Visitor: 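Below: one structure in structure tokens.
Just follow the structure's listing: the first ligand is 1, and inside any ligand the first atom is 1. Quantities reported herein were computed from a predicted structural model and do not represent experimental measurements.
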Amino acid sequence: MNEIGLSEEEIFSLLGNAKKKDFRYQRVLSSMCTYPHEIAVKAHMQFIESNMGDFGLFRGTHDMEKEIILMLGGIYGCNSAEGYLTTGGTESNIQAVRAMRNFSRDNRLRDNGSCDSPKARQNIVVPASAHFSFDKVSDILGIEVRKANLDHEMKVSVKAMESLIDEHTVGLVAIAGTTEFGQVDPIEVISDLAVSKDLPLHIDAAFGGFVIPFLPGEHRFDFSLPGVTSIATDPHKMGLGTIPSGVLLFRDFGYIDNLRVHAPYLTVDTQYTLTGTRSGAAVAATYAVMKLLGKEGYTKIVSRCMNLTRYLVKSAKDIGIRPVIDPVMNVVALDVPHPAALRTRLSREYGWHVSITQDQKALRLVIMPHLNIEIIDMFIGDLGKALDDLDKSQEGKG
Ligand code: PLP
């Protein structure tokens, strides 16, 4: 640390240098984040000091948080949903599984009068397409995460899920908008499975939660299905809020209460959250952008992203590349030769940021609101050139 403080000018020069090294989103097709909406940035700044960890001091911000839960509960089929703003999908998933684990522990305690650990490790059953945050869940909570195979459309096989359930299973997870394919699992059927096995069902809609409700087709994924007990959705992805903002919703207080801890020295005496201090700025940003856009605004944004996605897929087909599945939302996996080498070439030679699927078989692209037709045309042009480069280098090797 410097002995004496620097001048503001010096600081801003340092900041400017750091900023120059950051990539602008315009050439990023790998991220599920984007520029926050202008109103979100303004609201964020206005509430920059607000701490939701001690919300008794910040009642106005807390009221906005309650209204976000009400608005989202409303579009997810449950006006009485309970929840709070997290730092994003990872925290929401950790907390949802922690609630399942505690729910099962409390049930054992009630049924057996003892909460001795069962001999076998407890487990949850998730789709093989689950985000890597569930590997953190496993590590943190000491729970086994059983991964069920996908079918040819990249949806989880419900049969495979059922076959992995045993007496140590504490809950199920399904995904509404998978990270790699943007696919929606057959959640109606999984909900029935959860009900029949008397297990809680968490829906990871970190990406899809601000997309699916605004698509014309109907993908049922929410509390209107009787088995769904919790939902994770991220304003800092397609909600156009500021980072960090996720939302974790529970069907009712009974589930969130599994997360209660005593908070001895705050203005409120209980806390349900994972982090203590929490950003009230992200609450204000989410509230502002949701109020400004409304259903109509989000429908326009989603519709624009879907049009761009279809345009990208058509342009890719024109140069001989097909998607692994027809896009359900604005995430596309393209079936390309040598995806890893192609990604490196697109980055080094052409300055694009793309990713590949975990099986390394496809190029993964997310068509976020910062993209437009001109950018997609440029990208497809460079993709064609990068494929030719690779062909030539493969021929050279041959
Ligand atoms: N769940 C899904 C489906 C995701 O796609 C992601 C991130 O891309 C996450 C969870 C984790 O979200 P975060 O990075 O905000 O913690």
Visitor: Any salt bridge linking R364 with E180? Criterion: basic side-chain nitrogen under 4.0 Å from a carboxylate oxygen.
Guide: no
Visitor: Through direct or indirect side-chain contacts below 4.5 angstrom among Ile, Leu, Val, Met, Phe, Trp and Tyr, which residues connect to I11?
Guide: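 L6, F12, L14, L15, listed by chain and number.
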Visitor: Establish whether F134 and I143 are linked, either directly or via other cluster members, by ILVMFWY side-chain heavy-atom contacts under 4.5 Å.
Guide: yes
Visitor: For residues 279-297, pull every pair meeting salt bridge (charged side-chain N to carboxylate O under 4.0 Å, His left out), keeping only residues two or more places apart or in separate chains.
Guide: E67-K291
Visitor: Could you list the residues that satisfy ring pair (Phe, Tyr, Trp, His ring centres under 6.0 Å) with Y35, not counting sequence neighbours?
Guide: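 Checked Y35 against ring pair (Phe, Tyr, Trp, His ring centres under 6.0 Å); matches are Y25.
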Visitor: Compile the protein residues with any heavy atom at a distance under 4.0 Å from an atom of ligand 1; present them by chain, then by number.
Guide: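 Protein residues near ligand 1 are M32, G88, G89, T90, N93, H131, G177, T179, D204, A206, D234, H236, K237.
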Visitor: In terms of side-chain geometry, is the basic nitrogen of K385 or D388 positioned less than 4.0 Å from the acidic oxygen of its partner?
Guide: no
